[in-house]
Amino acid sequence: MHQLTDYVLAVRTTGSPPAIEGVKSVDLVPGDDEDVIAATIAGLRASGLTAADFRSRVIYLAPEDPSCLVPYAALCGFAGRRVDAYAGGTVLEFSRLDPQGEGFPDAGRPNGYLEWGQVGGEEGALPTVQVGSGTQRLVTPEAVTVIRYAARLRMVPPDSARDALATFVLVAALRRRADDRFPYLSTGDEPAPTTKDDPAQGIDLEKLRREAAKYRQELRAGRRGADMVPPVPVSPHNKRIAEAKSVDVRTVLTRLGSSSDDGNLWHCPRPSRHSNGDQNPSMKVYGDNRTRCHRCDAEKVGPIRLVIDVLGVTPDEAASFILDSDRVVDMRPA
């Protein structure tokens with residue numbers, strides 16, 4: 001379990017707890033626009049956050065009310081992943097959760113087209129389901145069906161920030177397709193929707209996520225335009241590093257003594273860091289030739305980074321380990 005001081009950057013907003021001593025903090029304060037989404041994106045722009053900030057450990061210091069979901073949705077959209085949060089005196093390690101929601105069984109697709117559904121709040125004109133909060137985060141197959149298959153979903157969050165964030169992350173994961181799909185943040189008092197994209201259903205957190213992701217792409221495009229320089233010849237040394245990075249990470253895991261039952265989940269080659277010696281596979285291999293142990297790695301790592309961490313060698317030595325099979329034994333630690 002991480003502590004607040006384990007993070008490199010803390011993001012605050014209006015009503016957040018005080019900054020953490022020794023940890024850099026950034027304020028995401030919404031602008032004055034009456035449109036909540038526009039105001040939040042304006043605050044994101046004014047914060048000075050960049051995509052590079054999210055390569056390190058980042059935590060969101062949440063205010064103690066359900067409105068904390070609005071800046072959090074923007075941060076997740078901008079980061080392109082879930083962000084850890086601090087609420088109710090607890091560090092919520094959302095970035096370590098399994099990104100998929102398929103593990104929750106549903107009751108089957110609805111018989112007809114389900115345009116709108118609701119999570120939380122009182123039963124009304126919409127199909128309404130409940131999700132347990134806190135340590136009792138229970139969700140029935142019938143509830144999963146509504147959450148997963150409704151074209152649009154509004155969520156009436158619990159009163160505490162901690163439970164609101166936990167429920168939000170669960171609901172977004174259950175609705176996941178290519179990415180988590182965010183619900184509308186609702187009070188439950190909105191009128192029954194008249195269209196699929198009825199703007200009167202609360203704050204469209206999915207739209208906010210997409211706007212924040214669009215801003216990240218805008219920053220990247222601007223940086224590419226500013227960095228246009230004549231190409232520099234690649235040195236033989238860098239070519240060797242690049243070649244090592246392109247080797248299938250599964251091959252590297254095998255050379256490090258790891259094994260897999262299905263080719264996707266692997267045993268971590270750092271068993272001493274696991275209380276059970278990594279009896280159960282804990283490393284997932286991703287499509288971008290990177291892997292991650294949810295106990296050892298804060299983020300996905302490529303072949304070079306993996307070898308450096310496991311063997312305690314330099315990048316050059318890691319490249320040699322990957323590319324020169326006859327030197328594998330010599331480079332293992334004594």
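Being a predicted model, the structure only gives us computed values, none of them experimental.
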Is it true that [X] and [Y] fall in one hydrophobic cluster, defined by side-chain heavy atoms closer than 4.5 Å?
X	Y	result
Ile147	Trp116	no
Phe94	Val8	no
Leu69	Val29	no
Val156	Leu205	no
Tyr286	Leu265	no

Parallel, tilted or perpendicular for Tyr72 and Tyr60, by the 30°/60° rule?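 Ring orientation of Tyr72 relative to Tyr60: tilted.
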Strictly by salt bridge (Lys or Arg N to Asp or Glu O under 4.0 Å), give each pair with a member in residues 109-128 just once, sequence neighbours left out.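 As it turns out, there is no salt bridge (Lys or Arg N to Asp or Glu O under 4.0 Å) pair with a partner in residues 109-128 once direct neighbours are skipped.
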Is the shortest side-chain heavy-atom distance between [X] and [Y] below 4.5 Å?
X	Y	answer
Pro281	His267	yes
Asp180	Val171	no
Ser260	Leu253	no
Leu311	Leu256	yes
Met283	Cys296	no
Arg209	Asp179	yes
Tyr86	Ser16	no

Are any side-chain N or O atoms of [X] and backbone N or O atoms of [Y], one a donor and one an acceptor, separated by less than 3.5 Å?
X	Y	result
Arg181	Arg175	yes
Thr145	Ala107	yes
Arg152	Asp197	no
Arg81	Phe54	yes

So, for [X] and [Y], which heavy atoms are closest and what is the spacing to 0.1 Å?
X	Y	value
Pro157	Ala164	CB-CB, 3.9 Å
Ser282	His274	OG-CE1, 3.4 Å
Val146	Gln118	CG1-N, 4.4 Å
Leu165	Cys68	CG-SG, 3.9 Å
Pro193	Leu126	CD-CD2, 3.6 Å
Pro30	Thr13	CD-OG1, 3.9 Å

Among all residues two or more places apart in sequence or in another chain, which pass the ring-ring contact (aromatic ring centres under 6.0 Å, His included) test with Tyr215?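 Applying ring-ring contact (aromatic ring centres under 6.0 Å, His included) to Tyr215 gives Phe78.
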I would like to know whether Arg210 and Glu206 meet salt bridge (charged side-chain N to carboxylate O under 4.0 Å, His left out); could you show each step before the answer? CA-CA 6 Å; Arg210 294 182 181 186; Glu206 175 63 14; 2.9 Å; yes
Side-chain donor/acceptor pairs under 3.5 Å, residues 301-308, sequence neighbours excluded:
none

Pairs touching residues 182-192 that satisfy side-chain hydrogen bond (donor to acceptor under 3.5 Å, both in side chains), sequence neighbours left out: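 Counting only pairs at least two positions apart or across chains, the side-chain hydrogen bond (donor to acceptor under 3.5 Å, both in side chains) contacts touching residues 182-192 are Tyr184-Asp204, Ser186-Glu190, Thr187-Glu190.
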Could you note down all residue pairs passing side-chain hydrogen bond (donor to acceptor under 3.5 Å, both in side chains) where residues 22-40 supplies at least one of them, sequence neighbours left out?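 Listed by first then second residue: Arg12-Asp27.
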What residues, two or more places apart in sequence or in another chain, satisfy side chain to side chain donor-acceptor pair (under 3.5 Å) together with Asp198?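 Asp198: side chain to side chain donor-acceptor pair (under 3.5 Å) contacts with Gln201.
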Between Val129 and Thr140, does the side-chain contact (heavy atoms from CB on, under 4.5 Å) criterion hold? Intermediate values first, please. CA-CA 9 Å; Val129 297; Thr140 64; over 6 Å; no
Exceeds 12 heavy-atom contacts within 6.0 angstrom, atom NZ of Lys300: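 Counting neighbours around NZ of Lys300, more than 12 heavy atoms of other residues, nucleotides or ligands fall under 6.0 Å, so yes.
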Could you check whether atom CG of Asp159 has more than 12 heavy atoms from other residues, nucleotides or ligands sitting under 6.0 Å from it?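 Not buried by this count: 12 neighbours or fewer within 6.0 Å.
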side-chain contact (heavy atoms from CB on, under 4.5 Å) between Val58 and Asp84: does it pass, once the steps are laid out? CA-CA 7 Å; Val58 178; Asp84 289 353; over 6 Å; no
Where do Asp297 and Lys284 land on the salt bridge (charged side-chain N to carboxylate O under 4.0 Å, His left out) test, with the steps shown first? CA-CA 11 Å; Asp297 304 308; Lys284 185 173 182 179; over 6 Å; no
For Val91 and Tyr7, what are the C-alpha separation, side-chain angles and deciding distance, and is it a side-chain contact (heavy atoms from CB on, under 4.5 Å)? CA-CA 11 Å; Val91 173; Tyr7 290 87; 3.4 Å; yes
